[in-house]
Amino acid sequence: MVNIPSPLLDTLHAAQRITVLTGAGISAESGVPTFRDAQTGLWARYRPEELATPEAFQRHPKLVWDWYAWRRELVAGVKPNAAHHALVKLEQQVPDFTLITQNVDGLHRRAGSGNVLELHGELFRTKCSRCERAVNCWQDGGETPPVCGHCHAWLRPDVVWFGEMLPVTLLQKAEAAAAQCEVFFSIGTSSLVYPAAELPFTALRGGATVVEINPQPTPLSDYVAYTLQGAAGKVLPVLLKAVWDSEVPQ
Ligand code: BV8
Ligand code: ZN
């Protein structure tokens, strides 16, 4: 049973500016394994942090390319869940709403969210590893990774790997949305990966009420005003109904 403290209900009712940060946990109920989940099948022996790096791509380009191709196939076969749909509804209730995601699965966009800041890029966008141009199609079944038609360097997923800078303008927009909001939700993230994990603290410094939604405690939990312990797909629909009397499609 999800219990929303009444002071939080009042705060949300009055809120005009809400910012949300999501992590892999919000896609868990769609069947997308989180980064913390043990990898399965032929990827079981690798940790995501080992594969999602420029060094891994340089050393094992085919392995890293195939890992992303496997993830694209997995995500293409799943659907946004009630948590993604609840955030689409939330965006409609609040005059100033910003959704920041660490996820690269594109499920927020597929659910219909408008203003999504994809801090770490997106699985379904591919670019040249040298001249950076976007490439939307390549000859399948050829060599892997495929090569750029312009400069013949390997193609790579347009995601931010560990050790790579986040897109500066996106990060600045996210920092501004965190600093200026009245309520900041941190949903389904282990709060371990920086600089995204700094955003709730930016919100706290800006005087926001910070709310964490996660079945488990995280390094952020001791600092937030409210912890709603539970699965996002269960908690968010209850929240939308309780505060805005809004029904969320399952
Ligand atoms: C950078 C794309 C530096 C690729 C990803 C301080 C400052 C700056 C950098 C660092 C720093 N300290 C350390 C660093 C380095 C590093 C870092 O943070 N390392 C960590 C591991 C310590 N950061 C970086 O490298 C970043 N780069 O800052 O560059 C720099 C500076 C100058 C010059 C050059 C460079 C880049 C980070 C981005 C990496 N790319 N993804 C890909 O996906 O393949 S990160 C990737 O892992 C995901 O995108 C995601 O962000 C992260 C996993 O985190 P979560 O989303 O939180 O997922 P996780 O599985 O961990 O947790 C799931 C949670 O959900 C759990 O809490 C669970 O309880 C909960 N949950 C489960 N089920 C549910 C649920 N919650 C709700 N409902 C449920 N049903
Ligand atoms: Zn190129």
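In each ligand, atom 1 is the first atom listed, and ligand 1 is the first ligand listed.
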Asker: Under 3.5 Å, N or O to N or O, is N103 touching ligand 1 that way?
Answerer: no

Asker: Does R110 pair with E122 as a salt bridge, N-O distance under 4.0 Å?
Answerer: no

Asker: Within the structure, does T218 bring an N/O atom to less than 3.5 angstrom of an N/O atom in ligand 1?
Answerer: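 It does not: no N or O of T218 is found under 3.5 Å from an N or O of ligand 1.
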
Asker: Tell me whether the centres of the aromatic rings in F57 and W65 are closer together than 6.0 Å.
Answerer: no

Asker: For V183 versus F185, what's the shortest heavy-atom pair and its separation?
Answerer: CG1-CE1, 3.8 Å

Asker: Does ligand 1 have any atom sitting under 4.0 Å from a heavy atom of M165?
Answerer: yes

Asker: Identify the closest protein heavy atom to atom 73 (N) of ligand 1: which residue and atom is it, and at what distance?
Answerer: A28 CB, 3.7 Å

Asker: Rounded to the nearest 0.5 Å, what separation is found between the NZ atom of K127 and the CZ atom of R133?
Answerer: 13.5 Å

Asker: If the cut-off is 4.0 Å to any non-hydrogen atom of Y68, which atoms of ligand 1 fall inside it?
Answerer: 4 (C), 42 (C), 44 (O)

Asker: Who's closest to atom 36 (C) of ligand 1 heavy-atom-wise, of E164, K234, Q102?
Answerer: E164

Asker: Should G188 be counted as touching ligand 1, given the test is an N or O pair under 3.5 Å?
Answerer: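 Yes: some nitrogen or oxygen of G188 is under 3.5 Å from one in ligand 1.
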
Asker: Between CZ of R45 and CD of E50, what distance do you get to the nearest 0.5 Å?
Answerer: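 Taking CZ in R45 and CD in E50, the distance rounds to 11.0 Å.
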
Asker: Nearest 0.5 angstrom please: I18 CD1 to L12 CG, how far?
Answerer: 5.5 Å

Asker: Taking 4.0 angstrom as the limit and counting only heavy atoms of V104, give me the atoms of ligand 1 inside it, by number and element.
Answerer: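 In order of number, 2 (C), 43 (O).
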
Asker: When the aromatic ring centroids of W67 and Y46 are compared, is their separation below 6.0 Å?
Answerer: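 So the answer is no for these two rings.
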
Asker: Please state which protein non-hydrogen atom is closest to atom 80 (N) of ligand 1 and give its distance, to 0.1 Å?
Answerer: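 The answer is E29 OE1, 2.9 Å.
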
Asker: Do any nitrogen or oxygen atoms of F35 lie less than 3.5 angstrom from nitrogen or oxygen atoms of ligand 1?
Answerer: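 Yes.
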
Asker: Nearest 0.5 angstrom please: Q180 CD to R17 CZ, how far?
Answerer: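 Answer rounded to 0.5 Å: 7.5 Å.
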
Asker: Around atom 21 (C) of ligand 1, find the nearest protein heavy atom and jot down its residue, atom name and distance.
Answerer: F162 CE2, 4.0 Å

Asker: I need the atoms of ligand 1 closer than 4.0 Å to a non-hydrogen atom of P215, numbered in the order shown.
Answerer: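 Those of ligand 1 that fall under 4.0 Å from P215 are 71 (N), 74 (C), 75 (C), 76 (N), 77 (C).
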
Asker: Can you list the ligand 1 atoms lying under 4.0 Å from a non-hydrogen atom of P195?
Answerer: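 Every atom of ligand 1 under 4.0 Å from some heavy atom of P195: 28 (O).
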
Asker: Identify, by atom number and element, the atoms of ligand 1 in contact range of A24, meaning under 4.0 Å from any of its heavy atoms.
Answerer: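 Once the distances to A24 are compared, the set is 55 (P), 56 (O), 58 (O).
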
Asker: If the cut-off is 2.8 Å, does any N/O/S atom of C131 fall short of it from the Zn ion (ligand 2)?
Answerer: yes

Asker: Search all heavy atoms of L119 against all heavy atoms of P167 and return the closest pair with its distance.
Answerer: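 Closest approach of L119 to P167: O-CD, 3.4 Å.
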
Asker: Considering all heavy atoms of both residues, which atom of C128 and which atom of L155 are nearest to each other, and what is their separation?
Answerer: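 So the minimum-distance heavy-atom pair works out to CA-CD2, 4.0 Å.
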
Asker: So, does R71 sit close enough to ligand 1 that a heavy atom of it is under 4.0 Å from the ligand?
Answerer: yes

Asker: For atom 70 (C) of ligand 1, what's the nearest protein heavy atom and its distance?
Answerer: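 The protein heavy atom lying closest is N214 OD1, 3.4 Å.
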
Asker: Does K173, at its NZ atom, have more than 12 non-hydrogen atoms belonging to other residues, nucleotides or ligands within less than 6.0 Å?
Answerer: no

Asker: Grab the two heavy atoms, one from P237 and one from K234, that are nearest each other, plus how far apart they are.
Answerer: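 The answer is CD-O, 3.4 Å.
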
Asker: Can a protein heavy atom be found under 4.0 Å away from atom 15 (C) of ligand 1?
Answerer: no

Asker: Below 4.0 Å from ligand 1: does a non-hydrogen atom of G233 turn up there or not?
Answerer: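 It does not, in that no heavy atom of G233 comes within the 4.0 Å cut-off of ligand 1.
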
Asker: Considering only protein heavy atoms, which is closest to atom 13 (C) of ligand 1, and at what distance to one decimal place?
Answerer: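 The answer is Y194 CB, 4.8 Å.
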
Asker: When you measure from atom 71 (N) of ligand 1 to every protein heavy atom, which one gives the shortest distance, and what is it?
Answerer: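 Here the nearest protein heavy atom works out to G25 CA, 3.6 Å.
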
Asker: Is there any N or O on T189 that sits under 3.5 Å from an N or O of ligand 1?
Answerer: yes

Asker: So for ligand 1, is H120 a polar contact partner (N or O within less than 3.5 Å, distance only)?
Answerer: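 By distance alone, the answer is yes.
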
Asker: Flag yes if L240 and V88 sit in one hydrophobic cluster, no otherwise; membership is Ile, Leu, Val, Met, Phe, Trp, Tyr, and two members link when side-chain heavy atoms are under 4.5 Å apart.
Answerer: no

Asker: Could you see which bit of L51 sits under 4.0 Å from ligand 1, with heavy atoms only: side chain, backbone, both or neither?
Answerer: neither

Asker: Looking only at protein heavy atoms, identify the closest one to atom 78 (N) of ligand 1 and say how far it is in Å.
Answerer: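 Checking every protein heavy atom, the shortest distance to atom 78 (N) of ligand 1 gives A232 N, 2.9 Å.
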
Asker: Heavy-atom contact check, 4.0 Å cutoff: does I26 meet ligand 1?
Answerer: no

Asker: For ligand 1, which atoms have a heavy atom of Q216 less than 4.0 angstrom away?
Answerer: 69 (O)

Asker: Nearest heavy atom to atom 62 (O) of ligand 1 wins, so pick from S190, P217, S191.
Answerer: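 The option holding the nearest heavy atom is S190.
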
Asker: Using a 4.0 Å cutoff against the non-hydrogen atoms of G23, which atoms of ligand 1 qualify?
Answerer: 56 (O)

Asker: Which one of R125, H108, Q102 satisfies the side chain to side chain donor-acceptor pair (under 3.5 Å) criterion with E118?
Answerer: R125

Asker: Identify the closest protein heavy atom to atom 39 (C) of ligand 1: which residue and atom is it, and at what distance?
Answerer: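 Its nearest protein heavy-atom neighbour is V160 O, 3.3 Å.
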
Asker: Would you name the heavy atoms of S30 and N81 that are closest together and state the gap between them?
Answerer: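 Here S30 and N81 meet closest at OG-ND2, 2.9 Å.
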
Asker: Shortest non-hydrogen contact from T34 to A28?
Answerer: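 Scanning both residues completely, I find the closest heavy atoms to be CG2-CB, 4.1 Å.
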
Asker: Taking the Zn ion (ligand 2) as the vertex, what is the angle from SG of C148 to SG of C128, given to 10 degrees?
Answerer: 110°

Asker: Taking V75 as the starting point, is it possible to reach I26 by hopping between hydrophobic residues whose side chains are less than 4.5 Å apart?
Answerer: no

Asker: Please find out if the Zn ion (ligand 2) and some N, O or S atom of H150 are separated by less than 2.8 Å.
Answerer: no

Asker: Are any of the N/O atoms on G230, whether in the backbone or the side chain, positioned under 3.5 angstrom from an N/O atom of ligand 1?
Answerer: no

